[in-house]
*Asks:* 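Structure in structure tokens, see below.
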Amino acid sequence: MADDFPKTPLIDELEKGPWPSFVTEIKMAAKDNAAPKDLLGLLEQSYDEKICHWKHGGIVGVLGYGGGVIGRYNDLPEKYPNISHFHTMRINQPSGWYYSTEALRKVCNIWEKHGSGLTNMHGSTGDIILLGCTTDELEPTFQDLAKEGFDIGGSGSDVRTPSCCLGKSRCEWACYDTMAACYDFTQEFQDEIHRPAFPYKFKFKFSGCPNDCVASIARSDMSIIGTWRDDIRMDKDAITDYASNGMDIQKDVVDLCPGKCIDWDGKELSIDNSSCLHCMHCINAMPKALRPGTDTGACILLGSKAPIIEGAFLSSVLIPFIKMEPPYQEIKDLVEEMWDLWCEEGKNRERIGEFIQRMGMGNFLEEIGVEPVAEMVAHPRENPYVFYEEYYEEDDEEEDGD
Amino acid sequence: MADDFPKTPLIDELEKGPWPSFVTEIKMAAKDNAAPKDLLGLLEQSYDEKICHWKHGGIVGVLGYGGGVIGRYNDLPEKYPNISHFHTMRINQPSGWYYSTEALRKVCNIWEKHGSGLTNMHGSTGDIILLGCTTDELEPTFQDLAKEGFDIGGSGSDVRTPSCCLGKSRCEWACYDTMAACYDFTQEFQDEIHRPAFPYKFKFKFSGCPNDCVASIARSDMSIIGTWRDDIRMDKDAITDYASNGMDIQKDVVDLCPGKCIDWDGKELSIDNSSCLHCMHCINAMPKALRPGTDTGACILLGSKAPIIEGAFLSSVLIPFIKMEPPYQEIKDLVEEMWDLWCEEGKNRERIGEFIQRMGMGNFLEEIGVEPVAEMVAHPRENPYVFYEEYYEEDDEEEDGD
Amino acid sequence: MVDLKNRITDIGPPHYEQFLPPVIKANYGKWKYHETLKPGVLKHVSETGDAVITVRAGGSRLMSIQKIRMICDLADKYCGGHLRFTSRHNIEFMFTEEEKIEPLIADLKALGHPVGGTGPGITSIVHTQGWIHCHSAATDASGIVKSVMDDVIGHFEKADLPAKCRIALACCLNMCGAVHCSDIAILGVHRRPPTINHDTLRKQCEIPNVVASCPTAAIKPAEVDGNPSVEIDEDRCMFCANCYTVCPSLPLNNALNDGVSIWVGGKVSNARHEPMFSKLAIPFIENNPPRWPEVVGAIRNIIDVWRGDANKYERIGEWIERIGWPKFFRMTGIEFEKVHIDDFKHAGLTYKRSTHLTY
Amino acid sequence: MVDLKNRITDIGPPHYEQFLPPVIKANYGKWKYHETLKPGVLKHVSETGDAVITVRAGGSRLMSIQKIRMICDLADKYCGGHLRFTSRHNIEFMFTEEEKIEPLIADLKALGHPVGGTGPGITSIVHTQGWIHCHSAATDASGIVKSVMDDVIGHFEKADLPAKCRIALACCLNMCGAVHCSDIAILGVHRRPPTINHDTLRKQCEIPNVVASCPTAAIKPAEVDGNPSVEIDEDRCMFCANCYTVCPSLPLNNALNDGVSIWVGGKVSNARHEPMFSKLAIPFIENNPPRWPEVVGAIRNIIDVWRGDANKYERIGEWIERIGWPKFFRMTGIEFEKVHIDDFKHAGLTYKRSTHLTY
Ligand code: SRM
Ligand code: SRM
Ligand code: SRM
Ligand code: SRM
Ligand code: SF4
Ligand code: SF4
Ligand code: SF4
Ligand code: SF4
Ligand code: SF4
Ligand code: SF4
Ligand code: SF4
Ligand code: SF4
């Protein structure tokens with residue numbers, strides 16, 4: 001069967017070299033399946049012509065859900081009929097991307113039966129991406145997966161599939177249980193994940209500490225990043241060990257501390273914890289000697305996104321510190337509050353970060369009932385253009401206004 | 001005569017305390033002159049009512065000039081007739097604010113004859129401010145001053161009175177002759193100073209080194225700031241002296257160097273001059289040991305201003321380094337080039353900094369014929385929104401466009 | 001056909017607990033410290049005294065079910081049937097016995113999967129669909145990623161750089177993934193305004209939405225051959241494709257003008273420096289499939305210059321912040337051009353507002 | 001009346017050379033180093049071996065010709081008839097004989113002029129006209145300056161602070177002077193939208209210019225009592241007074257609502273940190289003439305807290321950058337409010353985009 005593969009001299013070049021080859025993967029799948037075979041041909045043509053051959057999706061999906069499927073058609077359906085429909089399904093990954101081989105094999109079997117046999121493990125939001133499905137097979141694939149306990153993730157103007165770092169499962173620095181929180185929020189917002197009703201997408205990402213191993217501060221509308229507010233735990237002997245093993249503590253730790261709050265006299269390390277910026281660097285550098293404190297929780301930030309349209313944003317601080325205890329009610333209430341406001345006053349295709357910037361963070365806070373604190377800003381305003389809402393009238397000497 | 005001063009219990013409070021009192025000054029002038037006496041009354045009334053009693057100026061001035069006089073009328077002319085006109089004249093100070101007592105006494109005499117006898121030594125742009133003149137006396141004051149070699153400075157949409165730090169006259173760090181350059185530019189642009197023809201004001205300020213003792217980077221449309229590009233001069237013995245006199249060179253110099261390019265091993269100081277940011281700090285801290293290099297010149301920056309309207313700006317780099325030799329032709333040519341463009345395309349009341357920001361610095365540079373260099377930016381663009389002006393067409397395979 | 005009654009919906013993902021390896025489950029929340037046994041091999045030690053070994057292997061992200069099954073075979077053989085993927089799409093094998101390390105690595109090598117990606121090196125490239133699956137791709141994703149990784153795999157396997165170097169690729173300005181905050185980013189860019197398919201536009205697209213979608217107000221409603229359509233002021237277009245996202249009749253894809261740009265200096269972690277955006281380094285490199293040698297070479301150059309000059313722990317953005325952008329351009333030999341100067345909304349804030357310069 | 005023929009114009013300022021003290025002229029460009037003999041007294045030494053002593057005295061800037069003459073008397077007595085003023089309006093006396101220092105200082109004291117203003121201390125306040133001479137002043141300038149200087153004069157005379165502390169005052173948002181880049185800035189603010197004098201407006205002002213002047217588009221043309229005038233959407237007004245600058249019929253001055261705001265952390269020099277803007281510390285303090293005790297107290301508090309906590313050479317902005325704004329507010333006891341959060345054009349760039357926080 002391998003013999004009737006299309007001639008693909010260009011992409012064959014990508015089977016060479018030491019890094020695992022996606023072309024080899026497609027060829028592996030193409031042995032048993034006509035869709036990947038057509039994909040090889042189409043890709044070769046793209047490589048030759050330097051242009052892609054996919055068209056806008058249109059709305060396809062599974063019953064009752066508005067998201068989770070990305071429709072895709074090629075623009076040469078006669079030439080590549082087996083991928084004339086070639087939709088992707090986003091399958092909500094388990095927290096931390098842990099699998100049993102049993103579960104994973106079941107997914108493979110289902111995808112062998114219904115789809116192209118190609119996947120992304122994983123998409124950059126975190127889903128299992130089942131790559132290439134005809135319209136007819138969407139619903140059957142979904143239900144077969146559902147029977148094995150899997151559900152579809154987000155796409156379109158809904159809550160996108162939340163993701164998290166592995167947190168307490170294998171990391172000594174996790175300041176809260178990211179995997180539990182991610183699972184809990186995902187379950188809580190099932191309806192919002194599956195039925196788009198927002199002005200635009202909304203992403204949650206959960207990182208256990210400021211190292212932010214799921215890039216939440218850059219890629220999620222709500223970033224929940226673990227941190228602590230007591231003192232860094234210290235093992236003095238382990239520090240001595242690092243020093244005697246040749247670590248240049250002054251240069252590699254002290255000089256790089258952004259809080260400028262570590263002192264090292266050649267023997268003892270001391271940290272002025274009141275000035276610590278919780279950046280993690282000293283801990284990262286000396287994992288056997290230093291650890292975050294024990295009064296742990298999370299810092300909640302809002303609004304990061306890619307550049308379209310207002311330019312890229314990083315998330316910015318909403319709550320400097322909060323304890324992370326199930327059922328996380330305070331956070332969920334706040335989320336609902338924000339969504340209500342955003343749904344009411346947000347423009348179409350306006351991410352919450354853009355919305356906050358447009359209405360002004362001060363007004364936003366007022367609407368959602370959160371007190372402004374200095375932790376929310378890099379610095380106070382530099383311009384004197386303050387919109388005071390009230391003023392005194394001559395006659396009444398009382399605050400008045402509009 | 002002192003007895004018929006108005007009762008001023010409020011402002012009399014400002015005669016108390018150790019700092020020299022402007023109220024005392026006004027009273028001093030009021031002994032011989034009715035205008036300051038009225039000013040006392042008016043000021044007392046302002047202090048009582050917490051509001052000012054001056055009205056918009058209207059256009060007053062001297063013959064043939066469009067600027068240099070700020071018209072001012074009070075809103076209670078019956079009550080304070082001697083200051084019903086109370087214009088200020090801006091007299092162009094000499095470079096570096098040096099005077100002979102002879103010249104200064106002449107100014108006083110003229111001002112005694114024609115005006116209120118009150119001055120600001122100096123205004124914040126740098127002029128001698130003659131505070132309080134009637135409309136009639138403007139021209140006579142001007143001509144009397146002119147006979148003594150003084151001229152009027154700028155106001156309105158013209159070149160404002162340039163100013164400079166004292167530079168080479170008394171400062172060992174001056175990297176070019178600020179007083180000479182300031183004088184030269186002032187003479188060169190006499191017409192532009194006296195006859196407003198720009199979209200808005202344009203200020204020059206000349207500082208001899210990056211300490212910027214005339215605040216040029218914050219308060220001038222063109223900031224000419226001295227700097228050097230060879231090595232910092234070093235006197236090793238003087239460094240040893242500082243150290244033995246108890247200076248903590250590591251803490252006070254090395255740790256504060258923004259280029260992180262100084263090393264101090266307790267005995268020898270070494271500077272990696274290729275990483276020096278020319279901030280002046282090490283030199284400031286050890287003036288007997290360190291000095292700027294000898295290949296000196298200036299960095300030219302554009303666009304600073306107070307907040308109205310686009311928010312405050314600091315000037316930004318236009319020419320990272322240029323030798324400062326009279327007649328400074330290259331700079332003057334560039335200035336004319338910029339003015340032409342700004343006059344043609346600038347909006348009314350749009351400072352050049354705002355203009356550059358509106359049209360884009362890249363376009364601005366293109367128009368004035370300056371090559372873009374990396375020194376002009378804090379960092380390259382973060383957003384991918386590039387306006388390419390040309391593209392290839394299918395048929396011709398040639399760059400095309402609009 | 002659909003069994004409406006027994007349909008299962010809104011169950012969410014499977015609970016993670018059932019998938020945890022026993023040692024992970026037993027020591028959940030009890031980990032004390034970790035060490036790196038060698039690149040790609042971590043050892044986490046628990047308060048309980050337990051330890052877990054992790055072997056991290058690179059993959060191609062686009063995987064066939066056939067390959068997934070082979071990987072499952074290895075996880076069955078070494079890890080009691082458990083495995084995980086990382087947030088950057090690497091595959092992690094966990095077990096408690098140190099003696100399994102080398103055999104597993106050998107098996108992975110045999111399967112074509114390198115081990116590495118930890119510590120101060122290069123890990124897998126976060127990337128997107130490209131010509132494999134997206135309609136607005138200005139370049140391919142997987143092909144460039146493969147070509148770059150073939151070249152930098154040494155830094156994946158050896159972790160021999162000053163600090164972590166995170167590379168990302170996105171095939172269009174939507175920047176699915178990590179491009180806007182990566183040490184090195186590869187970004188597909190269009191450079192020709194949309195062509196207007198007037199015939200389909202009036203059927204497929206809502207004209208007011210199309211007009212509203214353009215951030216630079218380049219699109220205006222217009223009548224074309226008596227039918228409602230739009231016209232585009234090409235001078236105002238900066239090729240963001242937002243109009244194309246809302247209207248398929250305005251494609252920007254164009255073989256002659258599409259290509260790739262290179263960005264540097266972003267980071268995500270809060271370690272030391274606050275998170276930073278990537279900044280434009282190379283505005284445009286033509287698409288040169290199948291192996292994009294110019295892109296590969298450009299990245300190699302940036303890595304080599306950085307590696308030669310940076311201090312330990314200094315990520316690319318931190319290094320450039322120390323040496324200054326002028327030096328970055330001088331040292332890498334990249335030409336500074338007009339397009340490097342920001343001219344979007346906050347442009348003025350990117351101008352150099354001091355005399356802190358090197359000469 | 002005007003003698004048109006013999007009129008002198010466009011001569012520019014007198015050439016500075018004629019005003020230079022002989023030692024300055026002789027050593028122009030030859031200075032080698034300087035030292036501070038005591039606060040307010042500098043000694044500059046030349047390559048030629050010459051030296052010049054400078055005594056710096058504070059003044060009130062608003063000076064009578066009577067006072068100027070007295071100062072000239074001192075310059076005649078000690079400095080051979082030469083003197084200068086500084087860029088911050090202090091008066092400088094220069095001579096070569098060290099033994100003149102104390103007598104001059106004594107004479108200056110007798111005249112009411114303190115000596116100081118050099119080194120790590122407070123120098124004269126750059127300020128503006130206020131109720132003395134401007135139409136848009138929301139507060140007085142000279143009165144507050146006098147009150148503050150009376151309070152901080154110790155730091156003028158003793159130079160006993162961690163670093164230079166530059167104070168500036170402007171009486172309205174035009175910010176004539178240095179307010180936008182000062183360690184501590186006092187800014188007069190209006191807080192009530194302009195009142196419209198419809199009668200005069202149509203005569204004095206060009207309505208399109210007025211409408212165009214408003215940065216927030218709060219002003220619209222309107223017909224009032226059958227005459228053309230404007231109306232103002234008060235919700236959109238942020239009291240910048242730009243409309244008043246172009247049209248006298250729109251005064252903002254209002255005794256009940258005008259007052260003062262305090263800004264901190266700006267700097268101009270490139271020394272160590274790049275130049276920085278001042279940031280809002282205290283949004284509003286009511287005008288309380290004649291001595292504005294609340295303003296004086298607020299500034300005293302900021303100086304004391306800074307002085308107690310900063311390292312040597314750390315200007316206020318540098319100190320705050322090290323400790324973070326949250327700590328600044330905590331330590332000074334100033335309340336952080338909604339209005340501290342920027343909501344102008346680049347507001348988003350002032351939000352805290354990291355977890356670098358202290359608790
Ligand atoms: C599949 C995936 C890329 C991948 O190969 O991994 C992807 C693919 C698409 N993204 Fe994305 N995005 C994917 C993660 C992201 C991320 C990264 C993240 O979530 O961490 C971002 C940047 C972060 C963010 O949210 O801003 C991202 C920012 C965008 C944007 C930018 C607009 C914006 O919100 O700022 C668009 C445009 C849009 O929404 O119209 C977009 C739109 C798209 C569309 C749906 C294109 C479209 O307009 O129809 C792509 C479908 C490709 C296809 O045919 O399969 N995608 N997209 C990622 C989702 C997989 C998954 O579910 O795991
Ligand atoms: C006298 C002086 C303040 C002082 O007491 O020292 C002053 C006084 C006035 N300034 Fe100023 N400015 C003075 C230096 C400045 C400076 C400081 C500087 O030049 O270094 C600035 C900030 C820097 C800058 O240029 O941005 C400054 C920024 C403004 C602005 C802000 C607009 C802008 O260009 O951004 C205005 C508004 C305007 O131009 O309409 C303004 C307008 C005014 C007017 C003319 C008010 C008006 O709109 O009619 C004031 C007249 C007051 C009066 O009645 O005497 N004045 N003005 C200063 C000039 C004295 C001199 O010539 O030496
Ligand atoms: C497995 C993973 C989390 C997960 O749930 O999947 C993970 C795991 C660890 N990270 Fe991470 N990080 C992981 C993605 C990230 C990301 C996200 C990303 O790259 O998209 C970041 C932010 C990157 C950025 O700043 O752009 C990240 C920034 C860090 C840092 C901060 C590095 C820095 O100096 O900036 C550390 C600390 C360190 O390495 O010293 C860290 C440290 C660690 C430690 C040592 C934590 C621990 O104690 O176990 C883990 C293994 C170290 C290693 O790989 O060198 N992890 N780590 C992710 C592995 C990705 C991969 O396959 O390569
Ligand atoms: C006389 C004057 C220049 C003039 O032409 O009038 C001047 C003169 C000197 N300045 Fe200055 N500066 C003068 C205004 C300024 C200004 C402008 C301003 O304040 O408006 C600045 C920028 C202020 C800012 O950054 O906001 C200024 C920032 C400096 C610095 C940098 C200080 C810093 O650490 O940021 C130095 C270096 C130092 O003091 O170590 C300096 C150093 C000096 C030296 C030591 C230079 C020298 O070698 O002679 C001079 C005397 C020292 C002193 O006063 O302590 N001068 N200096 C100005 C005196 C003003 C006054 O009466 O107080
Ligand atoms: S974000 Fe922190 S807690 Fe989570 S895996 Fe990374 S280092 Fe560990
Ligand atoms: S966590 Fe960061 S800021 Fe805190 S002490 Fe360690 S290095 Fe310094
Ligand atoms: S700017 Fe430099 S050269 Fe001029 S007076 Fe200040 S320190 Fe001297
Ligand atoms: S001038 Fe500034 S940057 Fe240069 S060596 Fe001295 S302290 Fe460092
Ligand atoms: S980056 Fe653009 S082209 Fe690539 S997958 Fe995302 S939307 Fe599609
Ligand atoms: S590509 Fe972007 S800028 Fe160009 S027309 Fe479309 S929406 Fe407007
Ligand atoms: S700051 Fe305002 S009120 Fe004060 S002098 Fe300048 S323009 Fe007049
Ligand atoms: S004060 Fe400023 S914001 Fe208010 S109406 Fe006038 S111009 Fe507009």
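Quick caveat: nothing in here was measured; it's all calculated off a predicted structure. By convention in this document, chain letters (A, B, ...) are assigned in the order of the sequence lines, proteins followed by strands, and residues within each chain are numbered from 1.
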*Asks:* Indicate yes or no: at least one non-hydrogen side-chain atom of B:Arg105 is less than 4.5 angstrom from one of D:Asp76.
*Replies:*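 Contact flag for B:Arg105/D:Asp76 side chains = yes.
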*Asks:* With a 4.5 angstrom heavy-atom cut-off, which part of D:Lys32 approaches chain B: side chain, backbone, both or neither?
*Replies:*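 Both backbone and side chain.
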*Asks:* Pick whichever of B:Pro307, B:Ser163, B:Gly311, B:Ser207 has the most heavy-atom pairs under 4.5 Å with chain D.
*Replies:*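 Sorted descending by pairs with chain D, the first entry is B:Pro307.
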*Asks:* Salt bridge or not for B:Glu25 and D:Lys146, using N-O below 4.0 Å?
*Replies:*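 The answer is no: the pair does not qualify as a salt bridge.
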*Asks:* Checking B:Thr88 against chain D: side chain, backbone, both or neither under 4.5 Å from a heavy atom?
*Replies:*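 Both backbone and side chain of B:Thr88 come within 4.5 Å of chain D.
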*Asks:* Got a salt bridge between D:Arg7 and B:Glu139, using NZ or NE/NH1/NH2 to carboxylate O under 4.0 Å?
*Replies:*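 So D:Arg7 pairs with B:Glu139 through a salt bridge.
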*Asks:* Below 6.0 angstrom between ring centroids: does that apply to B:Tyr99 and D:His82?
*Replies:*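 No: the rings miss the under 6.0 Å criterion.
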*Asks:* For residues B:Cys182 and D:Tyr16, determine if any side-chain heavy atom of one lies less than 4.5 Å from a side-chain heavy atom of the other.
*Replies:*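 No, too far: nothing below the 4.5 Å cut-off.
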*Asks:* Do other residues, nucleotides or ligands put more than 12 heavy atoms under 6.0 Å from the CD atom of B:Glu102?
*Replies:*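 No - once you tally the heavy atoms of other residues, nucleotides and ligands closer than 6.0 Å, there are 12 at most.
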*Asks:* With only heavy atoms counted, which part of D:Leu42 is less than 4.5 Å from chain B, the side chain, the backbone, both or neither?
*Replies:*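 Answer is side chain: those atoms of D:Leu42 sit under 4.5 Å from chain B.
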*Asks:* Between the side chain of D:His180 and the main-chain N/O of B:Ala218, is any donor-acceptor distance below 3.5 Å?
*Replies:*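 Yes: the side chain of D:His180 pairs with the backbone of B:Ala218.
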*Asks:* Among D:Glu92, D:Arg166, D:His44, who wins on heavy-atom pairs under 4.5 Å with chain B?
*Replies:*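 Ranked by contacts with chain B, first place is D:His44.
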*Asks:* So which part of B:Gln187 gets closer than 4.5 Å to some heavy atom of chain D, the side chain, the backbone, both or neither?
*Replies:*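 Only the side chain of B:Gln187 comes within 4.5 Å of chain D.
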*Asks:* One pair to check against side chain to side chain contact (heavy atoms under 4.5 Å, CB included): D:Ile132 and B:Ile26. What are the steps and the verdict?
*Replies:* CA-CA 10 Å; D:Ile132 291 281; B:Ile26 303 176; 3.8 Å; yes
*Asks:* Using the side chain to side chain contact (heavy atoms under 4.5 Å, CB included) rule, take D:Met63 and B:Met121 through it: C-alpha gap first, then chi angles, then the decisive distance, then the call.
*Replies:* CA-CA 7 Å; D:Met63 290 207 290; B:Met121 295 299 282; 3.7 Å; yes
*Asks:* Can you tell me if D:Lys67 uses its side chain to pair, donor with acceptor, with the backbone of B:Met28 under 3.5 Å?
*Replies:*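 No, because the side chain of D:Lys67 does not come within donor-acceptor range (under 3.5 Å) of the backbone of B:Met28.
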*Asks:* Which distance, rounded to the nearest 0.5 Å, do you find between the CZ of D:Phe19 and the CG of B:Leu104?
*Replies:*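 Going from CZ on D:Phe19 over to CG on B:Leu104, the span is 8.5 Å.
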*Asks:* Please test B:Leu166 against D:Arg84 for side chain to side chain contact (heavy atoms under 4.5 Å, CB included), starting from the C-alpha separation and ending with a verdict.
*Replies:* CA-CA 10 Å; B:Leu166 49 51; D:Arg84 78 176 288 265; 3.2 Å; yes
*Asks:* Check each atom of B:Ala289 against the heavy atoms of chain D and say whether the ones under 4.5 Å are side chain, backbone, both or neither.
*Replies:*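 Looking at B:Ala289, nothing touches chain D.
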*Asks:* D:Glu314 versus chain B, heavy atoms under 4.5 Å apart: side chain, backbone, both or neither?
*Replies:*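 Neither the backbone nor the side chain of D:Glu314 comes within 4.5 Å of chain B.
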*Asks:* Please answer whether the main-chain N or O of D:Asn242 pairs with a side-chain N or O of B:Arg349 as donor and acceptor at a distance below 3.5 Å.
*Replies:*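 No; judged by distance alone, with no hydrogens or angles, the pair does not exist.
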*Asks:* Select, from D:His273, D:Gln18, D:Glu274, D:Glu35, the one with the greatest count of heavy-atom pairs under 4.5 Å involving chain B.
*Replies:*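 It is D:Glu35.
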*Asks:* Checking heavy atoms, do the side chain of B:Phe142, its backbone, both or neither come under 4.5 Å from chain D?
*Replies:*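 For B:Phe142, the contact with chain D is made by the side chain alone.
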*Asks:* Heavy-atom distances under 4.5 Å only: say whether B:Ala285 touches chain D with side chain, backbone, both or neither.
*Replies:*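 Both parts, heavy atoms under 4.5 Å.
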*Asks:* In the structure I gave you, are the side-chain heavy atoms of B:Trp97 and D:Thr86 within less than 4.5 Å of one another anywhere?
*Replies:*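 Sidechains of D:Thr86 and B:Trp97: no contact.
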*Asks:* Does any heavy atom of chain B fall under 4.5 Å from the side chain of D:Asp73, the backbone, both, or neither of them?
*Replies:*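 Both parts, backbone and side chain.
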*Asks:* Under 6.0 Å between ring centres, would you say that holds for B:Tyr47 and D:Trp292?
*Replies:*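 That pair passes the under 6.0 Å test.
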*Asks:* Side chain, backbone, both or neither: which part of D:Gln129 has a non-hydrogen atom closer than 4.5 Å to chain B?
*Replies:*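 The side chain, not the backbone.
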*Asks:* In terms of heavy-atom proximity below 4.5 Å to chain D, should B:Tyr65 be classed as side chain, backbone, both, or neither?
*Replies:*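 Just the side chain, heavy atoms under 4.5 Å.
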*Asks:* Check whether the ring centres of B:Trp173 and D:His34 lie less than 6.0 Å apart, and answer yes or no.
*Replies:*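 Yes, ring centres under 6.0 Å apart.
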*Asks:* May I have the step-by-step check of side chain to side chain contact (heavy atoms under 4.5 Å, CB included) for B:Leu14 and D:Ser147, ending in yes or no?
*Replies:* CA-CA 7 Å; B:Leu14 291 167; D:Ser147 306; 3.5 Å; yes
*Asks:* Go through the atoms of B:Leu39 and report whether side chain, backbone, both or neither lie under 4.5 Å from a heavy atom of chain D.
*Replies:*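 Contact with chain D involves the side chain of B:Leu39 alone.
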*Asks:* B:Cys165, B:Cys171, B:Ala238: which one forms the most heavy-atom pairs within less than 4.5 Å of chain D?
*Replies:*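 Heavy-atom pairs under 4.5 Å are most numerous for B:Cys171.
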*Asks:* Less than 6.0 angstrom separating the ring centers of D:His133 and B:Trp54, yes or no?
*Replies:*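 Yes, ring centres under 6.0 Å apart.
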*Asks:* Judged by modelled atom types alone, do D:Asn6 and B:Gln143 share a side-chain donor-acceptor pair under 3.5 Å?
*Replies:*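 B:Gln143 and D:Asn6 do not have a side-chain donor-acceptor pair below 3.5 Å.
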*Asks:* Donor-acceptor pair, distance only, cut-off 3.5 Å: does the side chain of B:Asp151 make one with the backbone of D:Pro13?
*Replies:*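 Side chain of B:Asp151 to backbone of D:Pro13: no pair is present.
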*Asks:* Tell me, out of B:Arg219, B:Lys27, B:Arg170, B:Glu44, who's got the most heavy-atom pairs with chain D below 4.5 Å.
*Replies:*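 Option with the top pair count is B:Arg170.
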*Asks:* For D:Tyr28 and B:Asp177, which I'm curious about, is there any donor-acceptor pair between the side chains at under 3.5 Å?
*Replies:*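 Checked: D:Tyr28/B:Asp177 side chains pair up, N/O donor to acceptor below 3.5 Å.
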*Asks:* Pick one of side chain, backbone, both or neither for D:Glu47, based on which atoms fall under 4.5 Å of a heavy atom in chain B.
*Replies:*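 Side chain only.
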*Asks:* Need one label for D:Ile24: side chain, backbone, both or neither, based on atoms under 4.5 Å from any heavy atom in chain B.
*Replies:*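 D:Ile24 touches chain B through backbone and side-chain heavy atoms alike.
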*Asks:* I need the B:Ile225 CD1 to D:Ser269 OG distance, nearest 0.5 Å.
*Replies:*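 The CD1 atom of B:Ile225 sits 10.0 Å away from the OG atom of D:Ser269.
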*Asks:* Pick one of side chain, backbone, both or neither for B:Lys288, based on which atoms fall under 4.5 Å of a heavy atom in chain D.
*Replies:*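 Contact with chain D involves both backbone and side-chain atoms of B:Lys288.
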*Asks:* Would you say the rings of B:Trp19 and D:Phe156 are close, in the sense that their centroids are separated by under 6.0 Å?
*Replies:*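 Between D:Phe156 and B:Trp19, the centre distance is under 6.0 Å.
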*Asks:* Highest number of heavy-atom pairs under 4.5 Å with chain D: which of B:Asn211, B:Leu10, B:Leu145, B:Thr119?
*Replies:*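 Ranked by contacts with chain D, first place is B:Thr119.
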*Asks:* Could you grab the distance from atom NZ of B:Lys305 to atom CG of D:Asn174, nearest 0.5 Å is fine?
*Replies:*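 The NZ atom of B:Lys305 sits 10.0 Å away from the CG atom of D:Asn174.
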*Asks:* Need one label for B:His53: side chain, backbone, both or neither, based on atoms under 4.5 Å from any heavy atom in chain D.
*Replies:*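 Answer is neither: B:His53 stays 4.5 Å or more from chain D.
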*Asks:* Under 6.0 Å between ring centres, would you say that holds for B:His56 and D:Tyr244?
*Replies:*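 Aromatic pair counts; centres sit under 6.0 Å.
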*Asks:* Sub-3.5 Å donor-acceptor pair from the side chain of D:Ser87 to the main-chain atoms of B:Cys213, do we have one?
*Replies:*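 Yes; at least one donor-acceptor contact below 3.5 Å.
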*Asks:* Mind checking the CD1-CG spacing from B:Ile217 to D:Asn270? Nearest 0.5 Å is all I need.
*Replies:*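 CG of D:Asn270 is found 5.0 Å from CD1 of B:Ile217.
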*Asks:* Need one label for D:Gln204: side chain, backbone, both or neither, based on atoms under 4.5 Å from any heavy atom in chain B.
*Replies:*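 It is neither, since no heavy atom gets under 4.5 Å.
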*Asks:* Considering only heavy atoms, which portion of D:Cys181 lies under 4.5 Å from any heavy atom of chain B: side chain, backbone, both, or neither?
*Replies:*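 Interface part for D:Cys181: side chain.
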*Asks:* With a 4.5 angstrom heavy-atom cut-off, which part of B:Ser46 approaches chain D: side chain, backbone, both or neither?
*Replies:*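 Both backbone and side chain of B:Ser46 come within 4.5 Å of chain D.
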*Asks:* Regarding B:His194 and D:Asp10, do their side chains bring together a donor and an acceptor under 3.5 Å, going by distance alone?
*Replies:*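 Yes, a side-chain donor-acceptor pair sits under 3.5 Å.
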*Asks:* What part of B:Tyr176 gets within 4.5 angstrom of chain D, counting heavy atoms only: side chain, backbone, both, or neither?
*Replies:*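 No part of B:Tyr176 comes within 4.5 Å of chain D.
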*Asks:* Non-hydrogen atoms of chain D under 4.5 Å away: do they reach the side chain of B:Asn284, the backbone, both or neither?
*Replies:*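 Only the side chain of B:Asn284 comes within 4.5 Å of chain D.
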*Asks:* Tell me, for B:Ala215 versus chain D, whether the close heavy atoms (under 4.5 Å) come from the side chain, the backbone, both or neither.
*Replies:*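 Contact with chain D: backbone and side chain both.
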*Asks:* Measure distances from D:Phe85 to the heavy atoms of chain B and classify the residue's part below 4.5 Å as side chain, backbone, both or neither.
*Replies:*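 Both backbone and side chain.
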